[in-house]
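Values below: every heavy atom of this structure, side chains too, minus hydrogens, waters and symmetry copies. Worth saying up front: this structure is predicted, and the values here are computed from it rather than measured. Quick note: residue numbers are just sequence positions, from 1.
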Amino acid sequence: QVQLVESGGGLVQAGGSLRLSCLASGRTFSTYGMGWFRQAPGKEREFVAAMNWSGFSVYYADSVKGRFSISRDNAKITVYLQMNSLKPEDTAVYYCAAGIRVGVWSHPGSYDYWGQGTQVTVSS
């Protein structure tokens, strides 16, 4: 079992930055692929970014490329999402996810564990 706890969300003005953290429990964290997803009110959960267990492979949604950056620190069992140049359309609940064998990085069904989410609100 892996438990994930997100933090770092909040209210920020457009153009600002936030860094989300996802603290994981479990000794096998370093073997999991990790992803970030978000869900806005009335919309489906959408892929934001993902990283394989080694950190050598990273994936981003087109809407966040060049603005968001995913990273992980296996020693701290934490994955991060640095979000720069935030836009009002980035407003959503952001979820961290972990997968043992991630087939399609952008598909929520590829992940085995989810955090409870953290709210990010970007004002215009």
J.: Roughly how far, to the nearest 0.5 Å, is CD of Q13 from OG of S124?
T.: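 It comes to 9.5 Å.
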J.: What is the minimum heavy-atom distance between Y80 and D73, and which atoms define it?
T.: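 Y80 and D73 have their closest heavy atoms at CE1-CB, 4.1 Å.
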J.: With clusters defined by side-chain heavy atoms of hydrophobic residues (ILVMFWY) lying less than 4.5 Å apart, directly or transitively, does I70 cluster with L86?
T.: yes
J.: With sequence neighbours excluded, give me every salt bridge (Lys or Arg N to Asp or Glu O under 4.0 Å) pair touching residues 112-124.
T.: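 Pairs touching residues 112-124 that pass the test: none.
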J.: So do the side chains of M51 and V79 get within less than 4.5 Å of each other, counting heavy atoms only?
T.: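 Of all side-chain heavy-atom pairs linking V79 with M51, none is under 4.5 Å.
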J.: Shortest non-hydrogen contact from A40 to T91?
T.: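 A40 and T91 have their closest heavy atoms at CB-O, 3.7 Å.
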J.: Might you point out which heavy atoms bring S17 and S85 nearest each other, and give the distance in Å?
T.: OG-N, 4.3 Å
J.: Would you say Q119 has more than 12 foreign heavy atoms packed within less than 6.0 Å of its CD?
T.: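 It does: Q119 CD has more than 12 such atoms within range.
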J.: Would you please classify the geometry between the W105 ring and the Y59 ring as parallel, tilted or perpendicular, with 30° and 60° separating the classes?
T.: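 Geometry flag for W105 against Y59: parallel rings.
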J.: Is the shortest side-chain heavy-atom distance between V64 and R38 below 4.5 Å?
T.: yes
J.: At their closest point, which heavy atom of Y111 faces which heavy atom of G35, and how far apart are they?
T.: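 So the two residues come closest at CE2-N, 3.8 Å.
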J.: Would you indicate whether the side-chain heavy atoms of F68 and W36 approach each other to under 4.5 Å?
T.: no
J.: Look only at the side chain of E6 and the backbone of C96, and say whether a donor-acceptor pair between them is shorter than 3.5 Å.
T.: yes
J.: Is R72 close to N74 at the side-chain level, that is, under 4.5 Å between some pair of heavy atoms?
T.: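 With C-beta onward as the side chain, the pair touches.
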J.: For the atom pair OG (S71) and CE (M34), what is the distance rounded to the nearest 0.5 Å?
T.: 11.5 Å
J.: Any side-chain heavy atom of S106 within less than 4.5 Å of one from F37?
T.: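 Side-chain contact under 4.5 Å: no.
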J.: Do L20 and V58 share a hydrophobic cluster, counting only Ile, Leu, Val, Met, Phe, Trp and Tyr and linking them when any side-chain heavy atoms are less than 4.5 Å apart?
T.: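 Yes: a chain of side-chain contacts under 4.5 Å links L20 to V58.
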J.: Any side-chain heavy atom of V12 within less than 4.5 Å of one from M83?
T.: no
J.: Between K65 and D62, does any side-chain N to carboxylate O distance fall below 4.0 Å?
T.: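 Salt bridge flag = yes for D62 with K65.
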J.: Please determine whether the number of non-hydrogen atoms from other residues, nucleotides or ligands lying under 6.0 Å from atom CH2 of W114 exceeds 12.
T.: yes
J.: Taking the side chain as every heavy atom from C-beta outward, state whether Y32 and I100 have any pair of such atoms under 4.5 Å apart.
T.: yes
J.: Calculate, to the nearest 0.5 Å, the distance between atoms OH and OG belonging to Y113 and S25 respectively.
T.: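 These two atoms lie 9.5 Å from each other.
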J.: Looking only at non-hydrogen atoms, find the nearest pair between L81 and V48 and report the distance.
T.: CD2-CG1, 4.1 Å
J.: About how many Å separate CG of L4 and OG1 of T78, when rounded to the nearest 0.5 Å?
T.: 10.5 Å
J.: Would you name the heavy atoms of A61 and F47 that are closest together and state the gap between them?
T.: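 Heavy atoms of A61 and F47 come nearest at CB-O, 3.4 Å.
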J.: Any chance you could measure T28, atom OG1, to Q1, atom CD, to the nearest 0.5 Å?
T.: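 Answer for the OG1-CD pair, T28 versus Q1, is 10.5 Å.
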